[in-house]
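The block underneath contains the structure these notes are about, expressed in structure tokens.
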Amino acid sequence: MDKEAFRMTALAADIDLMTQPEPEPARCLDITDLSKRFGGVYAVRGVTLRCMAGEILGLIGPNGAGKSTLINLITGTLSPDSGMVTLDGQPMTGLSAPQCARAGVGRTFQNIRLFAHLTIRQNVEVAHTTALRHRAAGRALHDVDDLLGRMGLRGLADRMATTLPYGLQRRLEIARALALAPGYLLLDEPAAGMNDVESEHLVELIRQIRNDFGCGVLVIEHDLRFIRRVCERVAVLHMGEILTIGGPDEVLSDPRVIEVYIGGGDEPAA
Ligand SMILES: Nc1ncnc2c1ncn2[C@@H]1O[C@H](COP(=O)(O)OP(=O)(O)OP(=O)(O)O)[C@@H](O)[C@H]1O
């Protein structure tokens, strides 16, 4: 890590915990019999999964298992061929990606998608302004400074977003997603590219987000040690279908799970 990146990471480690609105009542994300085919191949097939209110749920599976397709179906980036998604009983299926975000399904991206021509603060302000305009009655919003402080980014707020080291860009994406006061937050490979210290901070941060914002968190991640540390339950996707779901120790020592990882040539379970 270069000197500047180190300085920014050190600044970011000093996470600021400001007192802000009371957490919302936690909300439940239900995925029912969801399927999506590309040509003749099912990327996601008959997936039913209840992401319980306020839980930290991991979604794992070897390369090509269907994880990104599933998250894209949940967030309106892709339309399913069949099945449905609801947030607290409210249908999300058929909504566009911006509509899903405004309705309470927040996300970050596997390949970071920040507004490159905006500062760190402006990246969060864009989402915050949208949230103010479309806010559902009673949904409390955290202000921009609070969100930046929580992510350890307040001292860096006027820098251009893409000048941040990779790990902090991932945190900025989380701040932007939180600005929309999500009922459920989907994190797509949040620890990718992070060193051990950064990913340890991220474990704490995700727990803090769940506690303070009252949202459930669905974490897609290849780093199984990270999944074991942060998740309360883990679902395994294999060839587009749910192979198993349960506590992290139980799932990561399941011979079927080890087999699909070894069979796919990926790392075996941590
Ligand atoms: N736009 C697309 N067009 C055609 N096939 C696709 C498309 N997107 C995904 N697929 C296929 O769907 C399957 C699931 O892919 P997906 O990217 O969802 O898996 P993944 O679990 O996210 O993989 P990775 O861990 O490598 O990101 C794969 O066979 C993939 O090739």
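Atoms within each ligand, like the ligands themselves, are counted from 1 in listed order.
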Just need the protein heavy atom nearest to [atom], so name the residue and atom and give the distance.
{"atom": "atom 27 (O) of ligand 1", "answer": "Gln110 NE2, 3.6 Å"}
{"atom": "atom 12 (O) of ligand 1", "answer": "Ala43 CB, 3.3 Å"}
{"atom": "atom 17 (O) of ligand 1", "answer": "Ser68 CB, 3.9 Å"}
{"atom": "atom 1 (N) of ligand 1", "answer": "Phe38 CE2, 3.6 Å"}
{"atom": "atom 26 (O) of ligand 1", "answer": "Asn63 ND2, 2.9 Å"}
{"atom": "atom 16 (P) of ligand 1", "answer": "Thr69 OG1, 3.7 Å"}
{"atom": "atom 28 (C) of ligand 1", "answer": "Gly64 O, 3.8 Å"}

Do the side chains of [X] and [Y] get close enough for a salt bridge, i.e. N-O under 4.0 angstrom?
{"X": "Asp188", "Y": "Lys67", "answer": "no"}
{"X": "Asp146", "Y": "Arg154", "answer": "no"}
{"X": "Arg176", "Y": "Glu173", "answer": "yes"}
{"X": "Arg171", "Y": "Glu198", "answer": "no"}

* To do: Give a yes or no on whether atom 20 (P) of ligand 1 lies under 4.0 Å from any heavy atom of the protein.
  =>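 It does; a protein heavy atom is within 4.0 Å.
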* Ignoring hydrogens, tell whether any protein atom lies closer than 4.0 Å to atom 9 (C) of ligand 1; use the non-hydrogen atoms only. =>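 Yes, there is one.
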* To do: Ignoring angles and geometry beyond distance, decide whether Gly66 reaches within less than 3.5 Å of ligand 1 through its nitrogen or oxygen atoms.
  =>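 It does: an N or O of Gly66 is found under 3.5 Å from an N or O of ligand 1.
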Looking at [X], which atoms of ligand 1 are within less than 4.0 Å of one of its heavy atoms?
{"X": "His222", "value": "25 (O)"}
{"X": "Ala65", "value": "19 (O), 20 (P), 21 (O)"}
{"X": "Lys67", "value": "18 (O), 19 (O), 20 (P), 21 (O), 22 (O), 23 (O), 24 (P), 25 (O)"}

* Asked: With Val124, which of Thr119, Asp143, Leu148, Leu118 fulfils side-chain contact (heavy atoms from CB on, under 4.5 Å)?
  ->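 The side-chain contact (heavy atoms from CB on, under 4.5 Å) with Val124 is passed solely by Leu148 among Thr119, Asp143, Leu148, Leu118.
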* Qualifying residue for side-chain contact (heavy atoms from CB on, under 4.5 Å) with Val44, from Ile31, Leu78, Leu70, Ile242 ->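 The residue from Ile31, Leu78, Leu70, Ile242 that satisfies side-chain contact (heavy atoms from CB on, under 4.5 Å) with Val44 turns out to be Leu70.
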* Is atom CZ of Arg233 surrounded by more than 12 heavy atoms (other residues, nucleotides or ligands) closer than 6.0 Å? ->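 Correct, the count exceeds 12.
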* Asked: Arg207 and Glu204: salt bridge (Lys or Arg N to Asp or Glu O under 4.0 Å), yes or no, with the steps?
  -> CA-CA 5 Å; Arg207 290 198 186 121; Glu204 291 309 316; 3.3 Å; yes
* Do Val251 and Ile220 share a hydrophobic cluster, counting only Ile, Leu, Val, Met, Phe, Trp and Tyr and linking them when any side-chain heavy atoms are less than 4.5 Å apart? ->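 Val251 does not cluster with Ile220.
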* To do: Examine ligand 1 and decide if any of its atoms is less than 4.0 Å from a heavy atom belonging to Gly61.
  =>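 Flag not set, Gly61 not near ligand 1.
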